[in-house]
Amino acid sequence: MFFTKVVSDSKKSEVNMKFFSVLIVAVFLVALPCHGSEYQVFPLQMKTGSNEQYSTQVSCTSWRLGVEANNLIKWKTVPAACQEYVADYLLGDQYRSDSKTVCREAYFYAKRLNITAKDVFVFDIDDTTLSNLQYFANHGFGVEAHNATAFKIWVSFGEAFALPETLVLYNKLVSLGIKVVFITERPVDLKDVTISNLKEVGFHTWEKLIARDPAIYSGKLSNAFKTSERKKLVAEGYRIVGNIGDQWSDIVGEKKGFRTFKLPNPLYYD
Ligand SMILES: *[C@@H]1O[C@H](CO)[C@@H](O)[C@H](O)[C@H]1NC(C)=O
Ligand SMILES: *[C@@H]1O[C@H](CO)[C@@H](O)[C@H](O)[C@H]1NC(C)=O
């Protein structure tokens, strides 16, 4: 080896001495993990307190992380103990900040693309583009069992507000020349009110708005409907460069898009 060739025998012992002093210091540091640090680190901090229970704040944060990571699936309602936590999350700064992180990342990604006339970005509508927070605030923040009739009545009012971070992303994508396609679980008979609601709150242009046609998709899961509609888009020659939704069913499956973006939603699981 080059090293042994150039180092003479006399220098070798010098090198060995240096090596050993480094080794001794290293052993010393390993033996004293707190040396030079105020913190003693364990892989997972042990639970403390007499009852060995996590606080509601801590366990509901874990629940929400489990939901967002798609580890907790097919849940029907928000745990009753987490109602206040979910309300605080949605009405406070964290929901907005989490949404902003997702939307900014989607924009940074899109900005680097070489856009063609056939490039589309798929947007879900409910709790991705339009917020149903007003409805859920009046219905127990996800703790009450879902009532499809009451929800449809709310949607038919056309009074949902825009999710502000999504609106920012939408405007930036439109200025980049990327076409927007909305694919929504809302039934076709609510398409007109959805269009007026979208326009009212700042979404003025899109390539397509695809609502669920019960004649074709009766009894089909949301993901089957959305996947089928995305495949149609690709068959028509579109390139789905991105896809954003608040439900995992929006962003998994065939032709899901080159990149997908999951917005937070601790209110319901589709
Ligand atoms: C965009 O096009 C330029 C010029 O043709 C190329 O250098 C670049 O790699 C392309 N970027 C992407 C993300 O495809
Ligand atoms: C669902 O909502 C409708 C309309 O508000 C109401 O008439 C009905 O009683 C509700 N169903 C349940 C199970 O709460």
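Values in this document were obtained by computation on a predicted structure and should not be read as measured data.
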Would you indicate whether the side-chain heavy atoms of [Y] and [X] approach each other to under 4.5 Å?
X    : Y    : value
D246 : P264 : no
V252 : T260 : no
L198 : T129 : yes
I210 : T184 : no
V181 : L233 : yes
W248 : N223 : no
L133 : L91  : yes
V180 : T205 : no

Are the side chain of [X] and the backbone N or O of [Y] linked by a donor-acceptor pair below 3.5 Å?
X    : Y    : value
S131 : D127 : no
N197 : V193 : no
D213 : P187 : no
S175 : K172 : yes
Y109 : V241 : yes

Notebook entry, point to check: Can you pull the ring-ring contact (aromatic ring centres under 6.0 Å, His included) pairs that have at least one residue in residues 214-234, sequence neighbours excluded?
Noted result: Y217-F225
Next item on the list: Would you list the pairs meeting ring-ring contact (aromatic ring centres under 6.0 Å, His included) in which at least one residue belongs to residues 184-208, sequence neighbours left out?
Entry: Y170-F203, F182-W206
Shortest non-hydrogen separation from [X] to [Y] and the atoms involved:
X    : Y    : result
A81  : T56  : O-CG2, 3.3 Å
P266 : V86  : CG-CG1, 4.2 Å
K191 : A211 : CD-CB, 4.4 Å
I115 : A110 : CD1-O, 4.3 Å

Non-neighbouring partners of [X] that pass salt bridge (charged side-chain N to carboxylate O under 4.0 Å, His left out), sequence neighbours left out:
X    : result
D88  : none
K220 : none
K231 : E254

Give every donor-acceptor pair under 3.5 Å between a side-chain atom in residues 67-79 and any protein atom, sequence neighbours left out.
{"unit_1": "E68", "atom_1": "OE1", "unit_2": "K262", "atom_2": "NZ", "d": "2.7"}
{"unit_1": "E68", "atom_1": "OE2", "unit_2": "N265", "atom_2": "N", "d": "2.8"}

Report whether [X] and [Y] are members of the same hydrophobic cluster (ILVMFWY, side-chain heavy atoms less than 4.5 Å apart, transitive linking).
X    : Y    : result
V234 : V120 : yes
F258 : F108 : yes
V168 : V201 : no
L167 : L169 : yes
V102 : F121 : yes

Let me confirm one number: the [atom1]-[atom2] distance from [X] to [Y], rounded to the nearest 0.5 Å.
X    : Y    : atom1 : atom2 : answer
S228 : I216 : OG    : CD1   : 7.5 Å
T227 : R230 : OG1   : CZ    : 4.0 Å
R186 : I125 : CZ    : CD1   : 6.0 Å
L113 : R259 : CG    : CZ    : 9.5 Å
Y107 : F261 : OH    : CZ    : 13.0 Å
I178 : L173 : CD1   : CG    : 5.0 Å

Residues [X] and [Y] bridged, charged N to O under 4.0 Å:
X    : Y    : value
K226 : D270 : no
D189 : K152 : yes
K256 : D250 : no

Margin query: Under the rule for side chain to side chain donor-acceptor pair (under 3.5 Å), what residues qualify as partners of K100, not counting sequence neighbours?
Written below: none
Check: Y89 ring centre to R64 NZ or CZ under 6.0 Å, with the angle to the axis within 45°?
Finding: yes
Side-chain donor/acceptor pairs under 3.5 Å, residues 136-144, sequence neighbours excluded:
{"unit_1": "N138", "atom_1": "ND2", "unit_2": "Q134", "atom_2": "O", "d": "3.3"}
{"unit_1": "H139", "atom_1": "ND1", "unit_2": "Y135", "atom_2": "O", "d": "2.9"}

Next item on the list: Take T61 and Y85 through the test side-chain hydrogen bond (donor to acceptor under 3.5 Å, both in side chains) and record every step on the way to the result.
Entry: CA-CA 8 Å; T61 302; Y85 170 87; 3.1 Å; yes
Note to self: Walk me through whether I244 and I251 qualify under side chain to side chain contact (heavy atoms under 4.5 Å, CB included).
What the structure shows: CA-CA 7 Å; I244 186 164; I251 56 168; 6.0 Å; no
Next item on the list: Take D124 and Q247 through the side chain to side chain contact (heavy atoms under 4.5 Å, CB included) test and state the conclusion after the steps.
Entry: CA-CA 9 Å; D124 165 58; Q247 297 293 315; 5.7 Å; no
Margin query: Test of understanding: with disulfide bond (SG atoms under 2.5 Å apart), list the residues that count as partners of C82, not counting sequence neighbours.
Written below: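 Result, disulfide bond (SG atoms under 2.5 Å apart) vs C82: C60.
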Using a 3.5 Å cut-off and no angle test, enumerate the donor-acceptor pairs between side-chain atoms of residues 153-164 and protein atoms at least two apart in sequence or in another chain.
{"unit_1": "W154", "atom_1": "NE1", "unit_2": "N132", "atom_2": "OD1", "d": "2.7"}
{"unit_1": "S156", "atom_1": "OG", "unit_2": "I153", "atom_2": "O", "d": "2.6"}

Checklist line | Nonpolar side-chain network containing L65, other nodes, edges under 4.5 Å | finding: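 Hydrophobic cluster check, L65: no partners found.
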Item checked: side chain to side chain contact (heavy atoms under 4.5 Å, CB included) evaluation trace for C103 with T166 -> CA-CA 6 Å; C103 290; T166 307; 4.1 Å; yes
Check: Which pairs count as side-chain hydrogen bond (donor to acceptor under 3.5 Å, both in side chains) when at least one residue sits in residues 232-244, sequence neighbours excluded?
Finding: D119-R239, E207-Y238, K208-E236, E229-K232
